[in-house]
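Notes follow the structure.
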Amino acid sequence: MARYTVFVHVMPRRGVLDPPGEAARAALSALGFEEVREVRIGRRIAVEVEAADPSQAEARVRQMAERLLANPVIEEFELAAGGSPERANGSAGR
């Protein structure tokens, strides 16, 4: 088994109130960045998993995101693969 890092980018869905994003937009405007029309604030989660290959790692992390890491009612998410895999025993992969 190799170890893979998969990033989960979670953002509020369009049309859902985003108070931190609105506060950041207002603060940027107060600082003179008046061209900013919208700021949306989400989060990035790095999940390191052991899997047979990158597609299996991504599939497992997708399940985690659907079941726990993102709230499907108010949030949407995307996955991004991390760097090259490392062996679970600590030696370099490939």
Side-chain angles (χ1 to χ4, degrees):
M1 294 282 238
R3 187 177 301 167
Y4 298 91
T5 301
V6 179
F7 295 97
V8 183
H9 300 266
V10 181
M11 295 295 293
R13 288 187 179 275
R14 292 269 177 208
V16 171
L17 189 63
D18 180 10
E22 180 53 29
R25 189 209 57 76
L28 289 169
S29 180
L31 291 172
F33 298 102
E34 297 170 0
E35 69 274 23
V36 177
R37 296 292 171 245
E38 182 180 25
V39 176
R40 298 174 64 226
I41 295 180
R43 62 189 182 279
R44 180 177 119 163
I45 304 164
V47 180
E48 189 174 297
V49 295
E50 292 180 10
D53 57 58
S55 64
Q56 184 186 54
E58 187 172 313
R60 292 296 287 168
V61 174
R62 179 174 302 281
Q63 291 173 340
M64 295 173 201
E66 290 171 348
R67 295 180 65 185
L68 179 71
L69 302 176
N71 179 343
V73 175
I74 60 171
E75 297 173 321
E76 56 194 10
F77 70 88
E78 294 179 357
L79 301 181
S84 58
E86 297 177 11
R87 293 284 172 203
N89 64 9
S91 62
R94 297 195 178 217

query: With E35, which residues qualify under side-chain contact (heavy atoms from CB on, under 4.5 Å), at least two apart?
result: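 Here the qualifying residues are F33.
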Donor-acceptor pairs under 3.5 Å, side chain of residues 60-68 to any protein atom, not counting sequence neighbours: which ones?
unit_1: R60; atom_1: NH1; unit_2: Q63; atom_2: OE1; d: 2.8

message: Quick check on the hydrophobic clustering: are V16 and V73 connected, directly or via other members, by side-chain heavy-atom contacts under 4.5 Å?
response: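 Both belong to a single hydrophobic cluster.
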- prompt: Linking I/L/V/M/F/W/Y whenever their side-chain heavy atoms sit closer than 4.5 Å, directly or via other members, would V49 and I45 fall into one cluster?
  reply: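 Yes, V49 and I45 fall within the same hydrophobic cluster.
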- request: Tell me, please, which residues at least two apart from E75 pass side chain to side chain donor-acceptor pair (under 3.5 Å).
  value: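 Per chain and number, E75 pairs via side chain to side chain donor-acceptor pair (under 3.5 Å) with R43.
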Give me the atom names and distance for the closest heavy-atom approach of [X] to [Y].
{"X": "L69", "Y": "V10", "result": "O-CG2, 4.0 Å"}
{"X": "A24", "Y": "V39", "result": "CB-CG1, 3.9 Å"}
{"X": "F77", "Y": "V8", "result": "CB-CG1, 4.0 Å"}
{"X": "F7", "Y": "A46", "result": "CE2-CB, 3.4 Å"}
{"X": "R44", "Y": "H9", "result": "CD-CE1, 3.5 Å"}

task: Please assess R14 against E38 for the test salt bridge (Lys or Arg N to Asp or Glu O under 4.0 Å), listing each intermediate value before the final yes or no.
output: CA-CA 11 Å; R14 292 269 177 208; E38 182 180 25; 2.9 Å; yes
field: CZ-CD1 distance between R25 and I41, expressed to the nearest 0.5 angstrom
entry: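 Reported to 0.5 Å precision, the distance equals 12.0 Å.
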query: Is a donor on one side and an acceptor on the other found under 3.5 Å between the side chain of E58 and the backbone of P54?
result: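 No, E58 side chain to P54 backbone: no donor-acceptor pair under 3.5 Å.
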